[in-house]
Amino acid sequence: MSVRKRGQSNGHPNGSTKPLQKIDDARTDPYRWRLRNDRGVQTWHYLQTDEEVKQWPITVADKHYLGLGTGLPELPPAKTPMQAAENGLKFFSKLQLEPGNWACEYGGPMFLLPGIIVTLYVTGMPLSQPEQTEIIRYIFNMQNLGDKNGGDGGWGLHIEADSAVFGTAMNYTTLRLLGVSPDDPRMRKARGCLYDLGGALNGPHWAKFWLSLLGVMNWEVVNPVPPELWLLPDWVPISPWRWWIHMRQVFLPMGFIWSKRWVYAKADTDPLIRQLRQELFTQPHDDIAWARYRNAISPADDYNPKSWLLNLVNYLLVLVWIPYLRFDWLVERAERWSWKLIQMEDANSDYADLAPVNSPMNMLACYIEEGPDAYSVRRHRERIHDFLWLGKDGMMCCGTNGVQNWDTAFTIQAMYETGFATRPEYHQTLLKAVEFLEDQQFLEHPVGYEQSPVFSDPPTAKTSPQYGYRHVRKGAWGFSNKAQGYTVSDCTAEALKATIMVQTLANPNDLSKTLFPVVIPEQRLKWAADILLTMQNKSGACSSYEPTRGSERLELLNAAEVFGRIMVEYDYPECTTACVTTLHRFNQLYPNYRAPEIRRFIDTAVQWIRTNQRADGSWYGSWGICFTYAGMFAIESLATQDETHANSERVRRACSFFLDRQNADGGWGESYRSCETGKWCPHPDGSQVVQTAWVVIALVRAQSPDREHIARAVRLLMRRQRPNGEWLQEGIEGVFNKSCMISYPNYKFIFPIQALGMYARQFGDAEID
Ligand SMILES: CC(C)=CCC[C@@H](C)[C@H]1CC[C@@]2(C)C3=C(CC[C@]12C)[C@@]1(C)CC[C@H](O)C(C)(C)[C@@H]1CC3
């Protein structure tokens, strides 16, 4: 391997606009890294020999991700919005990958790599040296140093967050497990930050879980994660099958491991673990009365304090249940059933699993149950690579195993909305993109659904333990790829919408014919619509992976401390809009297919969108930051009912909400603090390209007459465009669970292109100075 010393990459961490101080750090040779994309399964490879480098040339996309400069040419300067949109598309289309999709560094959360590295450490299955080198580089690059977030040397929950114990203790531990010396000045600084926050004992539940199984903490410090809950009958209102899928799928392996109080076998003899026992705490390790710190948490981590009820439950579990009532036969049954459910999750996703939190936990559960040589463990170990991404700041863990379907569906829609879809020079790009979606659609339900008592065709939202309480999926799309295998309401909707858009485009030379061949046949489009029809809540709205299965009161049992609104599925304007607008379009194409149900779906969903609007005209967004994101969607829903600025007071209020917050430079900028606080918070760095584009799209869809305001925003988008057509990374764009931000780097291409094109089509493509 060629590891060379070099100045640190000179960019900013993805999502942050603050430059970092220069640090001399070991790194690998960026020109030797390649992204492999095997039908949407994306992995990075470090080429060892010059021969390999010759055989596998670096691509424009690789160079773009690695921050090496794409070398793409300067384009004729754009004078009109449509020319700017086209320049943007010219650049972005060069980043399309061989299977037809787009990819990106899907970063932000700072608690994902630690879970992976701890798991690989305790199972003795380390990553390769180049990967380790790049992970070290990434974590240091994300450290709050210099003028980044106070520069205290710690890490936050996500890359733009202030330091807290979760991020600091876990990333410090990760660096140590990867061989970084505790005497490195950045490590000293990190320890100082950790001690100021009270040390690792002040970490949230998940930190205590990981550090206990590593043998640095003691299991007594971990609040109970009883797998017995899985034995509750399904009708019980708190049964885990009713929880939001991410929570129950993390709770599952966590409960299995907690139940066994499993600890890394060599913890007591491994010098590194013994050192960590000294480094992570403010008091001597041997003196710590672990049980006293179960509820200790630093204010910096305590975004969502535990409820009185949960505290009471924990108290009873620890003092009564565990010592007196946790009979062996019950434990045995709970662990057996959990293990079965873990196996179902692994089988349904070919060991990719739902996300990189439960994936390493499931790997560890397999290791505990089946030993290091089992196929399950080896397959998990391979799958870990699907989450790792090499960017200009080093190697990180993505929030999912990619953004394949999601970004591809939006790119297709942007090409359609701007009119580029009918231009011959983009025919190939578009066709490949739809072919990718075709390849990624799920064509089978979860294993076991068809043999279960709840089977029906068309399917319903009913579920059953027989197949792990999953939602149906035949005809659906997931967020990332087919391997991962989970239906998401809006991912299905946006992919279906994109497909219908392309397949219904008329041939400009012969309007009786379509421009594109049928890539996804009618039957499969109908399956997708069937899935959407299973996704509606009683309220009329849609959630993310499944309709809501439990009461919001379950939030009283939210034990994670660092996240809000995680226990059940909620109603989201974004997901609702995706389903409404897609079913609307589907109904135009197939007016006889399940028409009364679709009509009812749309009516109740749009009615929910109306009632979900706040008095100030805004909608709260849960997956993008924040009011600018949700407003764009909600207005799109209303537009399907021809509700516009001219005829709807509601739409006028939504437009005023935006216009009142336009910056002097013509753009909009909203901070992630909006998501945390539920109140509009301006972005500290001013206007943001992505949010400006979202608002332009919203105002155009609303048919706002305030042309001059919109033109000013369009000018800003044009000014920020580089001569090669690209836009540069600005602040972070996405969010989940109210408190954790996540990057969507392709949004800076997709939405400005769409906004510029939509503006030009609505108001004319006059020159803009
Ligand atoms: C707390 C835990 C388990 C953390 C792991 C991270 C996941 C929970 C996050 C990472 C990416 C994430 C934000 C995502 C979503 C849910 C939660 C995810 C999977 C969904 C699918 C929900 C619906 C949204 O409209 C949208 C499609 C944008 C996102 C995509 C990413």
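Residue indices begin at 1 and follow the sequence shown. Remember, it's 1-based here, ligands and their atoms both numbered in the order they're listed.
Proximity of Thr400 to ligand 1, defined as any heavy-atom pair under 4.0 Å, is confined to the side chain (atoms from C-beta onward). Contact annotation for Cys491 and ligand 1: only side-chain heavy atoms (C-beta onward) come within less than 4.0 Å of the ligand. When non-hydrogen atoms are compared, ligand 1 lies under 4.0 Å from neither the backbone nor the side chain of Ile566. Of all the heavy atoms of Tyr545, the ones lying under 4.0 Å from any atom of ligand 1 belong exclusively to the side chain. Using a 4.0 Å cut-off between heavy atoms, Tyr486 makes no contact with ligand 1 at all.
Salt-bridge annotation for Arg383 and Asp350: present, with a side-chain N of the basic residue lying under 4.0 Å from a carboxylate O of the acidic one. A salt bridge links Glu636 with Lys497: the closest approach of a Lys/Arg side-chain nitrogen to an acidic carboxylate oxygen falls below 4.0 angstrom. Of the charged side-chain nitrogens involved, none lies within less than 4.0 Å of a carboxylate oxygen, so that Asp353 and Arg379 do not count as a salt-bridged pair. Taking the charged nitrogens against the carboxylate oxygens, Glu546 and Arg242 have no contact shorter than 4.0 Å, which rules out a salt bridge. The pair Glu561-Lys306 meets the salt-bridge criterion, since a charged nitrogen lies less than 4.0 angstrom from a carboxylate oxygen. Between Asp439 and Lys482, none of the side-chain N atoms (NZ, or NE/NH1/NH2) sits under 4.0 Å from a carboxylate O, so this pair counts as no salt bridge.
In terms of protein heavy-atom proximity, atom 7 (C) of ligand 1 is closest to His246 CE1, 3.8 Å. Looking from atom 4 (C) of ligand 1 to the surrounding protein, the closest heavy atom is Val357 CG2, 3.7 Å. Protein heavy atom closest to atom 10 (C) of ligand 1, with residue, atom name and distance, is Gly399 O, 3.6 Å.
For ligand 1, the atoms closer than 4.0 angstrom to any heavy atom of Tyr744 are 28 (C), 30 (C), 31 (C). For ligand 1, the atoms closer than 4.0 angstrom to any heavy atom of Phe563 are 1 (C). If you number the atoms of ligand 1 from 1 as listed, the ones under 4.0 Å from a heavy atom of Asn737 come out as 1 (C).
Side-chain contact annotation: Thr408 with Asn405, donor-acceptor N/O pair under 3.5 Å absent. Side-chain N/O atoms of Ser544 and Trp244 include a donor and acceptor closer than 3.5 Å.
Between Trp619 and Phe633, the ring center distance fails the sub-6.0 Å criterion. Aromatic rings of Tyr744 and Tyr106 (six-membered ring for Trp) have centroids within the 6.0 Å cut-off, being under it.
Taking each of Phe736, Tyr106, Phe479, Trp206 in turn, the one with a heavy atom nearest to atom 14 (C) of ligand 1 proves to be Tyr106. The residue from Trp406, Phe111, Tyr572 that puts a heavy atom closest to atom 28 (C) of ligand 1 is Trp406. Looking at Trp623, Tyr629, Phe633, it is Trp623 that brings a heavy atom closest to atom 20 (C) of ligand 1.
Taking only nitrogen or oxygen atoms, main chain and side chain alike, Asp490 reaches within less than 3.5 Å of ligand 1.
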